[in-house]
Amino acid sequence: MDSELLDVQPLRTLAPMFPSSSVVETFSVPGGGPFIYVRPSGPNFLSPALPPPFPSFPTTPQQAPSIDNHHEPVAMSGHASASGRQVKGRMRVSGHKIGTSGTDTSSAGSSKVKQSRKQLQQRTRTHGIGPALVPSCQDPRESAEIVLMAFDALRRWLLQQEEAKEGKDGNRRPDLKAGNVLMTNGLRANMGKRMGPAPGVEIGDIFYFRIELCLVGLHAPTMGGIDYMTSRFGDGDDTVAVSVVSAGVYENEEGDADVLIYSGQGGNSYVDQKLEKGNLALERSLHRGVYVRVVRSAKDCSCPTGKIYIYDGLYKVEESWVVKGKTGYNVFKYKLLRKPEQPDGIATWKKIQKWKDNPGARGRIILPDLSSGIENLPVFLVNEVDDEKGPSHFEYVTKVKYPRPLSSHKPLECCRCPTACLPGDADCACVHANGGNLPYSSGGILVSRKPLIYECGASCSCSTNCRNRLTQKGTAIRFEVFKTTNKGWGLRSLDPIRAGTFICEYTGEIVEEVGLGNDDAEEDHYIFQAAGADDKALKWNYGPELLGEPSVDNSSESFGSLALRISAKKMGNVSRFMNHGCSPNVLWQRVLHDHSDEGYPHVMFFAIKHIPPMTELTYDYGLSGGDRSHMEKQCLCGSPKCRGRFG
DNA sequence: GAGGCATCAGCGTA
DNA sequence: CTACGCTGATGCCT
């Protein structure tokens with residue numbers, strides 16, 4: 001059952017997962033930049049003398065994203081690079097609405113800045129926002145990522161609070177509440193509108209809430225589908241569209257991934273749409289030939305809204321016309337054409353859909369199911385890089401193998417909930433064991449990282465549908481083990497993965513602590529060793545702090561090392577193919593569910609952030625101790641924050 | 001019982 | 001200040 005031998009005979013041995021022959025990566029300080037305390041309500045909060053609160057963006061001319069980075073100029077070439085525009089753009093781009101120096105106020109945007117400061121002061125006072133603990137950073141990608149992580153941490157926390165309440169009064173929209181808190185604290189990326197790409201946001205990035213698009217500067221309106229701004233052109237100012245969100249509600253179906261037919265805004269079943277606001281802006285964009293950011297949506301049953309937003313890059317408005325809607329009133333239509341030679345965005349989704357419908361359509365498949373039917377869903381094994389026919393063989397198991405029976409001197413807490421455990425239930429023993437709340441939200445999302453999670457077990461009276469039985473049910477993700485270009489085999493998903501989603505367990509056999517310098521240990525590249533939690537995993541919990549609430553326990557000690565080593569050399573599951581990353585998208589979490597021995601918790605992986613399909617999954621292998629330096633390997637993760645080595 | 005429709009609070013921006 | 005919108009959650013209706 002668990003143990004079925006994989007019958008892949010590799011042509012050669014497993015390619016080194018961590019080759020040592022390549023360029024030395026630059027070192028960066030482990031743990032990233034310094035932390036800055038921002039005291040929103042203190043007298044110095046708005047003082048320019050303080051270091052700017054996060055995110056702090058590059059402001060040097062060569063680093064500052066230029067406003068005219070969106071063309072390929074067309075007929076009006078050179079229009080958008082008027083110097084006045086650039087200066088204004090950079091001022092806005094600099095990002096610190098709150099902390100910027102006085103020089104900014106001499107520019108055209110001064111009154112706006114002052115106004116928002118005033119608003120901020122008022123709002124923060126009423127909200128009583130406490131110190132925000134945020135790092136400063138230079139990399140726009142990382143800035144956007146931290147903003148989104150902070151948003152989701154706060155959102156999850158608010159949702160948890162909400163779900164624990166008996167009455168359903170209060171804020172039913174934790175997404176808006178969390179977004180508002182971040183906005184008023186200036187915790188956002190790419191503040192100020194711009195044309196062209198949003199630095200730090202890449203094509204294919206996915207979002208689960210409209211407010212997330214606002215936070216990273218992709219699309220400002222919280223509801224509206226068309227965002228626009230007045231920009232200077234060679235022959236004067238003009239108001240052009242900067243981004244559109246295609247939510248699919250107007251049924252813009254179109255087979256071609258490079259074409260988007262977009263309906264205008266306004267009007268309804270009884271009123272014509274007018275050529276104003278967004279509609280007018282799209283019309284002006286057509287005439288100016290400027291690029292417009294496009295966010296498309298895809299159906300996804302795994303999230304409550306059933307919809308995911310995908311950034312699909314730049315498009316140009318090619319054509320516009322008017323049609324009569326169902327009830328006979330005018331609707332504007334715009335044909336947008338995708339800028340050539342951009343990485344795949346929505347096209348990847350369409351490809352994957354084909355593969356799911358017909359696995360035969362997926363080329364270069366070595367095995368249609370690496371797990372031989374043991375996993376809930378088949379695991380593709382593919383190689384699109386070279387001729388290697390697969391990893392060296394191993395036994396595919398979905399459970400951990402223990403060397404000896406575990407001590408169960410202390411029975412695992414068990415609850416007597418009739419059907420399902422509820423977060424606010426003070427009588428639920430499992431709620432109690434987890435520190436007063438359930439670790440997962442109703443949607444099956446990890447709320448915050450904990451030293452140890454107690455899921456409901458066999459002795460609990462609740463049903464298998466209880467939300468506190470998540471990881472024990474196994475993975476629900478369509479995986480693909482694939483050959484990377486330089487790191488041996490890797491793991492990725494065909495499905496989009498929302499932040500906090502359970503990914504899989506690290507299975508294998510428990511190996512007892514071996515003596516240092518043991519040769520066997522050096523050979524085993526498939527050891528999971530619980531080193532201290534990495535920087536990003538620790539930051540994952542920051543949510544309550546943004547509201548001035550006491551933080552959850554984030555000390556490294558409680559997440560620290562564990563005398564637990566799991567080897568997946570001979571047996572394991574997909575997680576044995578997960579490579580190390582210094583900017584990982586996966587974290588691990590200890591979980592107990594089938595026994596009570598805290599020395600041997602299950603190691604469960606969860607998504608740190610939203611992970612688009614076909615993105616390699618990585619977690620931080622951790623820093624090995626100095627005495628294990630011989631086990632360190634050169635890192636090829638390619639992250640700007642790469643530490644260079646890991647152990 | 002799934003899915004369509006109406007309703008409503010809520011947000012940043014013009 | 002107010003109005004607007006390709007939200008998102010909920011409840012009621014087929």
Side-chain angles (χ1 to χ4, degrees), chain A residues 92 97 109 111-112 115-116 118-120 122-123 127 151 155 158-159 162-163 165 167-188 190-194 207-231 237 239-254 260-269 271 273-274 276-282 284 292-301 303-310 312 325-326 331-334 336 441-443 498:
Chain A
R92 289 168 153 189
K97 173 161 74 170
S111 60
K112 216 164 197 174
Q115 194 191 350
S116 46
K118 197 175 167 188
Q119 277 176 0
L120 181 78
Q122 287 167 349
R123 290 204 202 177
H127 279 268
F151 164 78
R155 200 203 107 255
L158 290 167
L159 179 64
E162 193 64 32
E163 287 182 341
K165 267 191 237 161
K168 53 179 164 40
D169 56 324
N171 186 1
R172 291 196 294 254
R173 294 285 302 269
D175 59 320
L176 293 183
K177 170 82 173 171
N180 178 272
V181 170
L182 267 72
M183 288 279 194
T184 51
N185 278 283
L187 256 167
R188 53 192 291 190
N190 300 315
M191 206 177 306
K193 292 184 184 183
R194 77 193 53 210
F207 306 87
Y208 285 77
F209 291 96
R210 279 288 300 261
I211 202 86
E212 291 178 316
L213 304 178
C214 308
L215 287 168
V216 297
L218 207 49
H219 188 82
T222 50
M223 296 175 77
I226 307 167
D227 195 10
Y228 49 92
M229 69 182 287
T230 302
S231 189
D237 289 359
T239 301
V240 292
V242 290
S243 56
V244 297
V245 177
S246 171
V249 290
Y250 284 97
E251 216 53 57
N252 293 319
E253 99 302 326
E254 190 74 29
L260 172 66
I261 306 295
Y262 192 84
S263 303
Q265 63 183 193
N268 54 39
S269 304
V271 181
Q273 287 189 349
K274 294 194 191 77
E276 57 180 23
K277 298 182 183 175
N279 299 342
L280 181 59
L282 278 171
R284 304 311 304 158
V292 178
R293 290 187 297 270
V294 167
V295 178
R296 303 179 69 140
S297 62
K299 278 205 178 81
D300 181 75
C301 307
C303 68
T305 60
K307 206 188 320 179
I308 292 184
Y309 299 101
I310 304 139
D312 198 35
K326 270 180 193 164
V331 175
F332 285 94
K333 293 282 182 180
Y334 301 89
L336 285 84
S441 69
S442 58
R498 184 180 188 166

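In what follows, chains are A, B, ... by sequence order, proteins preceding strands, each numbered from 1.
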- [ ] Scan A/Asp175 against the nucleic acid and name what it touches under 4.0 Å (heavy atoms): base, sugar-phosphate only, or nothing.
- [x] sugar-phosphate
Task: Position toward the 5' end of DNA chain C (nearest nucleotide), A/Ile226 or A/Pro304 - done: A/Ile226
- [ ] Look at the side chain of A/Leu176 and decide which nucleotide, out of C/dT10, C/dG8, B/dG10, has an atom nearest to it.
- [x] B/dG10
Task: Ranges pairing with ranges for DNA chain B, where each run has three or more Watson-Crick or G-U pairs under 3.5 Å - done: B:2-9 with C:7-14, B:11-14 with C:2-5
- [ ] Identify which nucleotide among C/dG5, B/dT13, C/dG8 has an atom closest to any side-chain atom of A/Lys307, counting heavy atoms from C-beta outward.
- [x] C/dG8
Task: Among C/dA9, B/dC11, C/dC6, the one nearest A/Phe209 by side-chain distance - done: C/dA9
Open item on the list: Under a 4.0 Å threshold between the charged nitrogen and the carboxylate oxygen, would A/Asp300 count as salt-bridged to A/Lys307?
Closed with: no
TODO: Using only side-chain N and O atoms of A/Lys193, determine if any of them is under 4.0 Å from OP1 or OP2 of B/dA14.
DONE: yes
Task: Out of C/dC6, C/dA9, B/dT13, whichever nucleotide has its closest atom nearest the side chain of A/Arg188 - done: B/dT13
- [ ] Measure from the side-chain heavy atoms of A/Met183 and tell me the nearest of B/dG12, C/dC4, C/dG8.
- [x] B/dG12
Task: Donor-acceptor under 3.5 Å (A/Tyr208 side chain, A/Tyr309 main chain) - done: no
TODO: Go through C/dC6, B/dA9, C/dG5 for me and flag the one nearest to the A/Tyr262 side chain.
DONE: C/dC6
TODO: Return yes if some donor-acceptor pair links the side-chain N/O of A/Asp237 with the main-chain N/O of A/Thr230 below 3.5 Å, else return no.
DONE: no
Side chains of residues 213-223 of chain A: which donor-acceptor partners sit under 3.5 Å, not counting sequence neighbours?
{"residue": "A/His219", "atom": "ND1", "partner": "A/Ser243", "partner atom": "OG", "Å": "2.7"}
{"residue": "A/His219", "atom": "NE2", "partner": "A/Arg210", "partner atom": "NH2", "Å": "3.4"}
{"residue": "A/His219", "atom": "NE2", "partner": "A/Gly224", "partner atom": "O", "Å": "2.9"}

Task: Nearest-neighbour nucleotide for the A/Arg210 side chain, C/dA9, C/dC6, B/dA14 considered - done: C/dC6
- [ ] Check every atom of B/dC11, C/dG5, B/dT13 against the side chain of A/Ala220 and return the nucleotide holding the closest atom.
- [x] B/dT13
